[in-house]
Protein chains: 2
Amino acid sequence: MALSADLLRGYTDTIILRQLSHADSYGYRISKQVSLISQGGLEMKEATLYTAFRRLETAGLIRSYWGDETTGARRRYYAITEAGLEKLNQDCAAWEETKIMMDRLLKEDVE
Amino acid sequence: MALSADLLRGYTDTIILRQLSHADSYGYRISKQVSLISQGGLEMKEATLYTAFRRLETAGLIRSYWGDETTGARRRYYAITEAGLEKLNQDCAAWEETKIMMDRLLKEDVE
DNA sequence: TGATATACATTGACAGGCGAGGTATATAGA
DNA sequence: TCTATATACCTCGCCTGTCAATGTATATCA
């Protein structure tokens, strides 16, 4: 990822889960979507992306299947699972808390 | 750190710089302050903290000196440098952008 | 024919977080 | 007096996530 790369470490998974919560998708597309939505601010590197897919699938948060494209490069599609949706909700809640916490840590003056 | 540990990776430095922007401080105190301000949500581990101090000092963003306590354990104080203040400003700006980006990635629906 | 876009995947280096361990001083209580 | 607890410092080595580099294959367009 670019820009605040390290900050978002660990939220890669959440971002992917969120994209999959719209509809099944595949690596290349998710990577483009993320660039688009973040207006170029965040670029998920392929290595990072595919590592995350493996991690998420192992954890049972997503599952994958090969698309039946008759033309062009084959695509491995990913779908979010029930557990994945739960995780997404948790992560989003955690993100809200993190924002509040960080804002306090970065702005608030100490007693 | 607890909770969103991984997310804050890389922002450890920023949090420390912010604390030092109030006044010179030392490891143990900063760690307590962070717990206090974040209401226990974020606990900076000592290993993390001292690693960060080394990193920041090497980078010229802070400097250190021994306190002249005549009683109790000795303290190594840290002070933020001019470069550190600049870095802090940049990081805070980056944080604001990151929030916007993440909110878009986690909430906004794709086209 | 060669460049570019689509689409997948792995390997190995690197960096940051942190558990576990260690040192030393001061104080309060049993 | 001895022990526990708080204050205060520090390092080693493991683990995990990111990512540059590299490799594969298909389709399109100049």
Side-chain angles (χ1 to χ4, degrees), chain A residues 1-17 19 24-36 38 41-59 61-62 64-78 91 98, chain B residues 1-17 19 24-36 38 41-59 61-62 64-78 91 98:
Chain A
M1 303 191 194
L3 253 184
S4 345
D6 247 344
L7 172 107
L8 296 176
R9 175 189 256 248
Y11 271 67
T12 300
D13 293 9
T14 310
I15 292 167
I16 292 172
L17 289 176
Q19 289 309 303
D24 293 5
S25 191
Y26 53 94
Y28 192 80
R29 182 175 151 85
I30 289 178
S31 127
K32 296 297 167 194
Q33 294 282 14
V34 168
S35 290
L36 200 74
S38 69
L42 193 88
E43 204 189 321
M44 263 192 194
K45 300 301 151 55
E46 298 203 350
T48 303
L49 193 61
Y50 290 109
T51 303
F53 283 144
R54 297 298 151 259
R55 188 167 54 232
L56 287 165
E57 190 155 25
T58 300
L61 303 178
I62 62 174
S64 68
Y65 56 93
W66 285 103
D68 57 355
E69 287 74 38
T70 48
T71 180
R74 80 226 153 112
R75 296 172 182 163
R76 186 196 280 273
Y77 282 86
Y78 294 94
D91 286 359
T98 298
Chain B
M1 302 189 196
L3 254 185
S4 345
D6 247 344
L7 170 109
L8 295 176
R9 178 190 252 248
Y11 270 66
T12 299
D13 293 9
T14 311
I15 292 167
I16 293 172
L17 289 177
Q19 289 308 304
D24 293 6
S25 191
Y26 54 93
Y28 192 79
R29 183 176 151 86
I30 289 178
S31 127
K32 295 297 168 195
Q33 293 284 12
V34 168
S35 291
L36 200 74
S38 68
L42 193 89
E43 204 189 320
M44 261 192 196
K45 301 300 151 57
E46 298 202 353
T48 303
L49 193 63
Y50 290 108
T51 303
F53 283 144
R54 298 297 153 260
R55 188 167 53 233
L56 287 166
E57 190 155 24
T58 300
L61 303 177
I62 61 175
S64 68
Y65 56 93
W66 286 103
D68 57 356
E69 287 74 37
T70 48
T71 179
R74 80 227 151 110
R75 296 173 182 161
R76 186 195 279 276
Y77 283 86
Y78 295 93
D91 286 358
T98 298

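All heavy atoms count here, side chains included; hydrogens, waters and symmetry mates do not. Everything numeric here is computed off the predicted structure, so don't read it as measured data. Convention: sequence-line order gives letters A, B, ...; per-chain numbering from 1.
Contact detail for A:Leu61 and A:Leu17: the closest heavy-atom pair is O-CD2, 4.0 Å.
Taking B:Tyr65 as the reference, B:Asp24, B:Arg63, B:Tyr77, B:Ala79 meet the side chain to side chain contact (heavy atoms under 4.5 Å, CB included) condition, with sequence neighbours excluded. Not counting sequence neighbours, B:Tyr28 has no partner by the ring pair (Phe, Tyr, Trp, His ring centres under 6.0 Å) test. Remark: B:Ser31 pairs with no residue by the side chain to side chain donor-acceptor pair (under 3.5 Å) rule, at least two apart or across chains. When the side chain to side chain contact (heavy atoms under 4.5 Å, CB included) test is applied to A:Arg55, the partners found at least two apart in sequence or on another chain are A:Asp13, A:Thr51, A:Ala52. For A:Ser64, the side chain to side chain contact (heavy atoms under 4.5 Å, CB included) test picks out A:Glu57, A:Arg76, A:Tyr78, with sequence neighbours left out.
Atom pair B:Glu69:CD and D:dA8:C1' shows a separation of 10 Å (rounding to whole Å applied). Atom P of nucleotide D:dT11 and atom CZ of B:Arg55 are separated by 14 Å, given to the nearest angstrom. Distance B:Ile30 CD1 to D:dA8 P: 12 Å, rounded to the nearest Å. The interatomic distance linking B:Leu42 (CG) with C:dG17 (P) rounds to 11 Å, in whole Å. Between the P atom of C:dG17 and the CD1 atom of B:Ile16 lies a distance of 9 Å, rounded to the nearest Å. Rounded to whole angstrom, the span from the CD1 atom of B:Ile15 across to the C1' atom of C:dG16 amounts to 14 Å.
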Self-check item: Sugar-phosphate or base contact per nucleotide [nucleotides 1-11 of chain C; S, B, -; heavy atom under 4.0 Å]
Solution: -----BBBBB-
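Nearest-nucleotide mapping onto DNA chain D: of A:Ala52 and A:Gly72, the residue sitting toward the 5' end is A:Ala52.
Residue B:Arg9 places a side-chain atom within donor-acceptor reach of the base of C:dG16, judged by atom type and a 3.5 Å distance cut-off alone.
Applying the 4.0 Å criterion to OP1 and OP2 of D:dG17, one finds that A:Thr48 has every side-chain N and O outside that range.
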